[in-house]
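Structure first, then comments.
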Amino acid sequence: MPQPCALVWFRNDLRVSDHPTLAMAAASGLPLLCLYILDAESPGLRPPGGASLWRLDRALAALERELASRGGELHFLRGPAETLLPEVARAANAQRIFWSRRYSGAEIALDIRLKQALREQGREAYSCNASLLAEPWQVISKSGGAFKVFTPFWRALREKIAPPPPLPAPERLSAAPWPAGAPQSLAREALRLAPSRPNWAAGFPDPDAGEAGARKRLGEFLDHTVEHYATNRDRLDRDATSRLSAHLHFGEISPRQIISAAPPHPGADKFLAELGWREFSCHLLYANPDLAWRNFNPRFDGFPYRADDSAQKDLPAWRRGETGYPVVDAAMRELWTTGFMHNRARMVVASFLTKHLLIDWREGESWFWDTLIDADEANNAASWQWVAGCGADAAPYFRIFNPVLQGEKFDPDGAYVRAHCPELAGLPMSCLHKPWAAPASVLAEAGLRLGETYPRPIVDHDFARRRALDAFTMMTA
DNA sequence: TCCCGTTTTGA
DNA sequence: CAAAACGGG
């Protein structure tokens with residue numbers, strides 16, 4: 001029997017600073033076994049999409065370095081956590097097992113089963129919140145249940161949080177050896193997280209991952225960008241958002257670290273409200289474990305989405321960025337080529353899919369799940385439902401974005417469209433966001449052949465808007 | 001975190 | 001006559 005040790009099971013908390021259970025484990029004085037399990041098998045766990053796996057590899061590499069520089073070591077396994085974790089705990093003689101909580105239904109159920117199994121082995125299993133400002137069950141409405149509207153939720157949460165200062169990273173870790181008799185641990189490279197599709201993701205921008213990268217990004221954002229966040233955040237053509245989403249998703253930075261670093265400022269308030277939406281999404285997912293596949297508002301169960309052959313053609317056109325609406329296409333291509341999409345663009349393309357094309361939001365949700373490096377079950381599901389009109393505190397259904405106006409308003413110089421749709425780059429501003437309205441001479445000048453080098457709109461805006469409003473009326477009738 | 005047709009305002 | 005304001009989806 002090896003020396004007793006503490007086992008830290010890393011999941012979406014891939015950092016060493018402000019990490020409550022790592023701090024506890026380090027303070028226990030026991031040697032530490034740090035473990036990551038790539039689990040695509042446990043029932044109900046949603047396997048990460050391709051872009052997310054690619055990003056995960058970066059996050060894990062960074063965590064490996066952070067741990068190694070403190071004397072720790074990160075080990076990897078692939079397979080069902082439910083069997084692997086107890087096996088490792090037994091072989092390693094782990095007295096205490098630590099992890100940070102996750103909040104989807106299947107994740108919670110798995111944690112409950114694991115805690116029970118570990119306790120039956122006579123071990124202490126301890127979990128803790130590392131990714132939220134408050135536990136989803138701690139924010140309660142006056143009527144005693146979960147909130148359904150953002151503003152009162154955020155007010156209640158803000159009253160609740162007087163966050164203790166973030167925890168420092170443990171300075172020295174003593175690594176327990178990988179136990180004999182445990183399943184063979186793998187090198188990170190052997191997890192094969194890069195997409196198998198040739199070269200997809202090869203061109204993704206690759207800013208520093210890990211907590212060092214997150215800290216750097218936060219610092220730049222707070223120094224230069226947050227001041228004008230409220231006015232610039234919707235501009236597609238500017239780097240005016242925090243871009244912390246993937247860092248947050250993988251737990252490379254905690255919301256507590258962000259809050260405690262943000263200066264009191266109107267721009268910062270607006271930004272912190274976005275952290276509030278993140279908390280709200282998790283709150284909703286916790287209260288509605290089926291949020292990713294079931295309409296939050298059941299009235300939408302009868303919504304007449306199109307399911308005919310023509311809709312089957314429109315979905316790939318949307319995915320590929322070939323709808324004929326420049327701002328939609330630029331956004332969808334930004335997603336495919338960079339693994340990221342601007343928040344405003346996400347709303348525009350989601351509105352286009354669900355309202356202009358009358359395609360079920362779940363189709364869009366699953367495409368985002370596979371292609372976003374920051375894909376997050378709570379944010380993705382809650383936000384798609386919000387745009388589709390069936391979600392909590394949703395946009396009224398009749399809020400249908402006009403992709404031309406959105407383009408003209410939020411990409412007024414056309415830099416965003418030109419960057420992602422180079423075939424449109426030669427068009428003047430007057431028709432960049434509506435090439436179908438360009439005179440033949442302008443098209444010729446720009447070297448653009450509509451229907452050949454760039455598609456005509458797959459659906460007419462006025463027609464689609466009318467059709468969507470009618471569909472909504474049909475549902476409510 | 002909207003759009004659009006219509007009316008009103010005000011230079 | 002253009003811009004602002006309004007009301008409804």
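Each chain gets a letter, A, B and so on, in the order its sequence line appears, and its residues count up from 1.
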How long is the span from the OG1 atom in A/T225 to the CG atom in A/N232, to the nearest 0.5 Å? 9.0 Å
Assess the side chains of A/R101 and A/N129: does a donor N or O sit below 3.5 Å from an acceptor N or O? no
Outermost contacting nts on DNA chain B, any atom under 4.0 Å from chain A heavy atoms, listed 5' then 3', are B/dT1 to B/dC4
Please say which of A/R238, A/R235, A/E334 ends up in a side-chain hydrogen bond (donor to acceptor under 3.5 Å, both in side chains) with A/Y416. A/E334
Does A/E423 pair with A/R333 as a salt bridge, N-O distance under 4.0 Å? yes
C/dG9 C1' sits how many Å from A/D470 CG, rounded? 11 Å
Do other residues, nucleotides or ligands put more than 12 heavy atoms under 6.0 Å from A/D308 CG? yes
Please examine the side chains of A/F98 and A/W9, heavy atoms only from C-beta on, and report whether any two atoms are closer than 4.5 Å. no
Would you say A/R46 has more than 12 foreign heavy atoms packed within less than 6.0 Å of its CZ? yes
May I ask you to decide whether A/R466 forms a salt bridge with A/D462, counting only side-chain N to carboxylate O separations under 4.0 Å? no
What parts of residues 402-418 of chain A reach DNA chain B, counting only heavy atoms under 4.0 Å away? A/N402, A/L405, A/Q406
